[in-house]
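What follows is a set of notes on a single structure, which appears directly below.
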Amino acid sequence: MNAKSVSLGLGLFSLALGAAELFASRRIAERLSVPGGARTVKAYGIREVVAGVGLLQAPAHSARVWNRVAGDLLDLGTLAFSARRSPGRQAIWGAIGFVAVATALDLLTARALDRTTGKTIPVGA
């Protein structure tokens, strides 16, 4: 696996996901019963855009991928709360599965970048 290329792809994915969260925040919040509604989804969208820009600027910087992992954990916690509030909504369970797969890819990429550079914040990345 070329971790730097995957990281670049994750950056593009973050930009696309963030844009969707910003422009469709109300629809996403309603569909997934997000606590805090559209404001929460917009805040998460901003976080994704910032993560995407960071990865596009320095795709070999594993700390930026670790930031995505932290964001994924926040997403999973929010979705778990939504699932407790509305357990019958299949969209929530689909979102949980989607975020779980993204989290696994983020973890693998961050660890691979750590092994490649020998440190979390490579000099000259």
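Worth saying up front: this structure is predicted, and the values here are computed from it rather than measured.
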Quick one: do Leu15 and Phe13 end up in the same hydrophobic cluster if we chain Ile, Leu, Val, Met, Phe, Trp and Tyr together by side-chain heavy atoms under 4.5 Å apart? no

Taking all atoms of both residues into account, what is the closest heavy-atom pair of Leu105 and Thr109, and its distance? O-OG1, 2.8 Å

Got a sec, which pairs hit salt bridge (charged side-chain N to carboxylate O under 4.0 Å, His left out) with one end in residues 2-15, sequence neighbours left out? none

Return each pair, listed once, that meets side-chain hydrogen bond (donor to acceptor under 3.5 Å, both in side chains) where at least one residue sits in residues 47-56; pairs must be two or more places apart or across chains. Ser14-Glu48, Arg47-Asp75, Glu48-Arg68

Quick check for you: to the nearest 0.5 Å, what is the distance between Leu73 atom CG and Asp106 atom CG? 9.5 Å

Residues 91-98, side-chain donor-acceptor partners within the protein, below 3.5 Å, at least two apart:
{"from": "Trp93", "atom 1": "NE1", "to": "Pro87", "atom 2": "O", "distance (Å)": "3.0"}

When hydrophobic residues are tied together by side-chain contacts of less than 4.5 Å, even through go-betweens, does Leu10 share a cluster with Val49? no

Sole candidate of Leu56, Asn2, Leu55 that passes side chain to side chain contact (heavy atoms under 4.5 Å, CB included) when paired with Leu8: Leu56

Looking only at the side chains, is there a donor atom on one of Asp114 and Trp66 sitting less than 3.5 Å from an acceptor on the other? yes

The remaining residues in the hydrophobic cluster of Val101, counting side-chain heavy-atom contacts under 4.5 Å among Ile, Leu, Val, Met, Phe, Trp and Tyr, are none

ILVMFWY clustering at 4.5 Å (side-chain atoms), partners of Leu74: Tyr44

Remaining members of hydrophobic cluster (4.5 Å side-chain criterion), Phe23: none

Just jot down the side chain to side chain donor-acceptor pair (under 3.5 Å) partners of Ser7, sequence neighbours excluded, or say none. none

Listing, residues 27-37 side-chain donor-acceptor contacts under 3.5 Å, not counting sequence neighbours, or none:
{"from": "Ser33", "atom 1": "OG", "to": "Ser86", "atom 2": "OG", "distance (Å)": "3.1"}
{"from": "Ser33", "atom 1": "OG", "to": "Arg89", "atom 2": "NH1", "distance (Å)": "3.0"}

Taking salt bridge (charged side-chain N to carboxylate O under 4.0 Å, His left out) as the cut-off, I'd like each qualifying pair that reaches into residues 5-26, sequence neighbours left out, listed once. none

Mind checking side chain to side chain contact (heavy atoms under 4.5 Å, CB included) for Ile46 and listing every partner two or more places apart, or none if nothing turns up? Leu22, Val50

